[in-house]
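Just so it is clear, the model here is predicted, and its values are computed rather than measured.
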Amino acid sequence: MVGILVQEPVTDFPEKRDGLALEAMVDEIEEINIKKDQALKQQKAAAQAQFEADMNAASEFDATKDKTQFRQYEDASDTVKNFYLEQHTKQTVAYNLKARNDFHAKTRAEMTIWEAMERLNTLIDESDPDTSLSQIEHLLQSAEAIRRDNKPRWMQLTGLIHDLGKLLFFFGAEGQWDVVGDTFPVGCAFDDKIIYGQKSFAANPDSTNEIYSTKHGIYTPGCGLDNVMLSWGHDEYLYHVVKDQSTLPDEALAMIRYHSFYPWHQMGAYDWMMDDKDREMFKAVKAFNPYDLYSKNDEKPKLEDLKEYYLELIDEYFPNKVIKW
């Protein structure tokens, strides 16, 4: 016969507990946690303040430069003028939707950041009136200017890679018009502050579309630039490559995506699109702009003297050495 274990009722309860003491202990613990949370918030705020101070510190390398000598598009060559006419004619909503679909549909190449830089060495940007140097030389000029001003390491790396999206030129681009040049939103009216103005978009079919030709077009005020389709090119392409394959901060991503968006960060156009994040990122783009624009000169940086330093910097922010392009 199977025995049945009968458990005697528990009668020896623990001694009476002091509920007020327990509540007091809980309160003390919560107070400690509140203080820890406040201290952490203060630390983060201080770190963010220092982060912004380092990023926004006035640049020194360009203090004596005559900035009126840069971006002189009215005096630019016919090559530059014809480039922008073609870009402004062909950058449509339909093309941009196709370009993004093509980007997400395949990987065009796999190579390291430095290999990508070397690949660019044969490309000269037809949209840029300020330099005839190769792209790798311009990247090193930008990065070195940022480094000399003791800006953060992530910002130095951003200077080094900011134009790597120009690899698109080798990956089935239809020309330079869908790789380089100032960027602007598509899907709404082309602002007259875009280089060469609204008249240069006369042959673009979107300029007469009943929706795309209106001020707000397919967007709403305050929608945020994350939700805006900027003209497809090297900025947009590299932004998508880097945001998923690096540990660079949002400020770096903004510098990459918007550094050619001159109608916005230099001319004040499209401010109606901005949200709170954009207002913060605007500061980052403005801090970066001098190093992209005014570091251009004809003095060639010595690649081999700089390579070891920048290879280490690349490894710091790109977990995988081989990047999918």
Visitor: Are F184 and F201 close enough that their ring centres sit under 6.0 Å apart?
Guide: yes

Visitor: Testing the basics here: between D278 and L225, what is the closest heavy-atom pair and its distance to 0.1 Å?
Guide: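 Minimum heavy-atom contact is OD2-N, 2.8 Å.
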
Visitor: Quick check for you: to the nearest 0.5 Å, what is the distance between H88 atom NE2 and S207 atom OG?
Guide: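 Separation between the atoms: 12.0 Å.
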
Visitor: Salt bridge (charged side-chain N to carboxylate O under 4.0 Å, His left out) with K283: which residues, sequence neighbours excluded?
Guide: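 For K283, the residues satisfying salt bridge (charged side-chain N to carboxylate O under 4.0 Å, His left out) (neighbours in sequence not counted) are E280.
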
Visitor: Mind checking side-chain hydrogen bond (donor to acceptor under 3.5 Å, both in side chains) for S260 and listing every partner two or more places apart, or none if nothing turns up?
Guide: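 For S260, the residues satisfying side-chain hydrogen bond (donor to acceptor under 3.5 Å, both in side chains) (neighbours in sequence not counted) are D235.
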
Visitor: With sequence neighbours left out, write down each residue that passes salt bridge (charged side-chain N to carboxylate O under 4.0 Å, His left out) with D102, or none if nothing qualifies.
Guide: K98

Visitor: What's the shortest heavy-atom distance between L248 and L157, and which atoms?
Guide: CD2-CD2, 4.1 Å

Visitor: Which residue pairs pass the salt bridge (Lys or Arg N to Asp or Glu O under 4.0 Å) test when at least one of the two sits in residues 86-97, sequence neighbours left out?
Guide: E86-K90

Visitor: Would you find a donor on one side and an acceptor on the other, under 3.5 Å apart, between the side chain of Q87 and the backbone of D182?
Guide: yes

Visitor: Suppose we screen for side-chain hydrogen bond (donor to acceptor under 3.5 Å, both in side chains). Which residues come up paired with W272, at least two apart in sequence or across chains?
Guide: none

Visitor: Looking at every non-hydrogen atom in both residues, tell me the closest pair between H259 and F288 and how far apart they are.
Guide: CB-CE2, 3.9 Å

Visitor: Might you point out which heavy atoms bring W325 and F171 nearest each other, and give the distance in Å?
Guide: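 What the structure gives for the nearest pair is CB-CE1, 4.0 Å.
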
Visitor: What are the two closest heavy atoms between H234 and K166, and how far apart are they?
Guide: CB-N, 3.3 Å

Visitor: Suppose the criterion is salt bridge (Lys or Arg N to Asp or Glu O under 4.0 Å): which pairs have a residue in residues 215-233, not counting sequence neighbours?
Guide: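 For residues 215-233, and leaving out neighbouring residues, the salt bridge (Lys or Arg N to Asp or Glu O under 4.0 Å) pairs sorted by first residue read D226-K277.
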
Visitor: Got W232 and T183 here, is their nearest side-chain heavy-atom distance under 4.5 Å?
Guide: no

Visitor: How about W264 and Y258: are their ring centres within less than 6.0 Å of each other?
Guide: yes

Visitor: What heavy-atom pair brings F169 and G175 nearest, and what distance separates the two atoms?
Guide: CD1-O, 4.0 Å

